[in-house]
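For reference, the structure discussed in these notes is given below.
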Amino acid sequence: MPEGHTLHRLAHALTATFGGRVVQVGSPQGRFADARLVDGQVLEGAEAWGKQLFIEFPDDRFIHVHLGLIGRFDVHTGVDEVPEPVGQVRLRVSTSSTAAPQAYADLRGATACDLWTRELRDAVIARSGPDPIRPDADPMLAWAKIKRSKAPIGGLLMDQGVLAGVGNVYRAELLFRHRMHPLRPGNTLRIGQWRAMWADLVELMAQGVVTGRIDTVRTEHTPEAMGRPPRVDDHGGEVYVYRRTGQGCHVCGSRIRTAVLQDRNLFWCPQCQRRFRSRTVG
DNA sequence: CCTCTATGGCGAA
DNA sequence: TCGCCCTAGAGGC
């Protein structure tokens, strides 16, 4: 679930569903005791920065949520009745009226769910790199770090202080689309390459916010265009390399490779992404 | 029943 | 680099 597009999508859904309304806030599981401090208040809106989600309440209070690897936050609208929680619900936000239609949102498995002040929120945002989904993002802030780092670009793209919101799928797919080897050092990139990668991220991630999935294949490489079966997977998106180890590359047919970099699975095509080569495809 | 996996990130060693 | 945290679902025995 959770790369930046998921959090922005959630922010939109929470704002649309609960924004400006008095809400009930609770922690059925009990591990978010501070829920009571904003219970019965007006939910002013929700906003995402990278993978961080902030739900704003009066008096500069924010519920800070980070889904981590396995967290999910499901928004249910238009229900007649808010049901009993199922499983480990850390946070539940629900409409406070008793009349239908009602709505509720359940958070499970999150790495973080805390009540924060505006200062804490601002500090985390200040430490984060630019977020390609935010219209005010400045790609040169990321470039300044990339161009002077010897670290592999595959790691830099996942560093939330360099760039906010990119996770393992967008990382792998972006590198493929730009024919770039994941281990290429940041300081060997040229600015034109970075500008092209950023523009691509802006487009891909904006699409992810709309669709709720990560699709990265170009028209000529869709299942329909290639006459291949669609991807069957729990996240569903059409991709070039992510979790396609051993399968044929959609462009050149080579077997997709995998390796572990900084504890995360890395996927690339050994032919399309030869080391120290990089040219944008198409 | 157990083990493994997952689009993440932290802190200790 | 490793262990650990969060949760649910899939698969093996």
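Convention: sequence-line order gives letters A, B, ...; per-chain numbering from 1. Note: hydrogens, waters and symmetry copies are ignored here, and every other heavy atom, side chains too, is used.
For the C1' atom pair drawn from dT7(B) and dT1(C), the interatomic distance equals 23 Å after rounding to whole Å. Using atom P as the reference point in both dC2(C) and dT5(B), the two lie 15 Å apart (nearest Å). Rounded to the nearest Å, the gap between the P atom of dG3(C) and that of dT3(B) is 16 Å.
In this structure, W194(A) and W143(A) have parallel ring planes: the angle between them is below the 30° cut-off, well short of the 60° mark. Taking the six-membered ring where tryptophan is involved, the planes of Y240(A) and F176(A) are essentially parallel, since the angle between them stays under 30° and well short of 60°. Note: F62(A) and F54(A) have perpendicular aromatic rings, judged against thresholds of 30 and 60 degrees for the angle between ring planes.
Between the OH atom of Y240(A) and the P atom of dT7(B) there is a distance of 21 Å, given to the nearest Å. Look at CE on M158(A): it is 7 Å from P on dG9(B), rounded to the nearest Å. For I70(A) and dT7(B), the CD1 to C1' distance is 12 Å, given to the nearest whole Å. Atom P of nucleotide dG9(B) and atom CD of Q262(A) are separated by 12 Å, given to the nearest angstrom.
Using a 4.0 Å heavy-atom distance criterion, R90(A) is classed as a sugar-phosphate-only contact. Residue-level contact check: Q160(A) touches the backbone only, with heavy atoms under 4.0 Å from sugar-phosphate atoms and none from bases. Residue contacts for G109(A): at a heavy-atom cut-off of 4.0 Å it reaches a base atom on one of the strands shown.
A cation-pi arrangement is absent between R90(A) and F32(A), since the terminal nitrogen or guanidinium carbon is not both under 6.0 Å from the aromatic centre and inside a 45° cone about the axis.
Phosphate contact (OP1/OP2 of dT7(B), side-chain N/O of Y170(A), threshold under 4.0 Å): absent.
Checked by atom type and distance alone, the side chain of R171(A) pairs as donor or acceptor with a backbone atom of G154(A) at under 3.5 Å.
Each of dG3(C), dT7(C), dT7(B) was ranked by its minimum atom distance to the side chain of D263(A); first place goes to dG3(C). Considering only side-chain atoms of R31(A), the nucleotide from dG9(B), dT7(C), dT7(B) that sits closest is dT7(C). Among dG9(B), dT7(B), dT7(C), the nucleotide with an atom closest to any side-chain atom of H66(A) is dG9(B). For H5(A), counting side-chain heavy atoms from C-beta on, the closest listed nucleotide (dT7(C), dT7(B), dG9(B)) is dT7(B). Among dG9(B), dT7(C), dT7(B), the nucleotide with an atom closest to any side-chain atom of Q29(A) is dT7(C). If you check dT7(C), dC6(C), dT7(B) against the side chain of T111(A), the one that comes closest is dC6(C).
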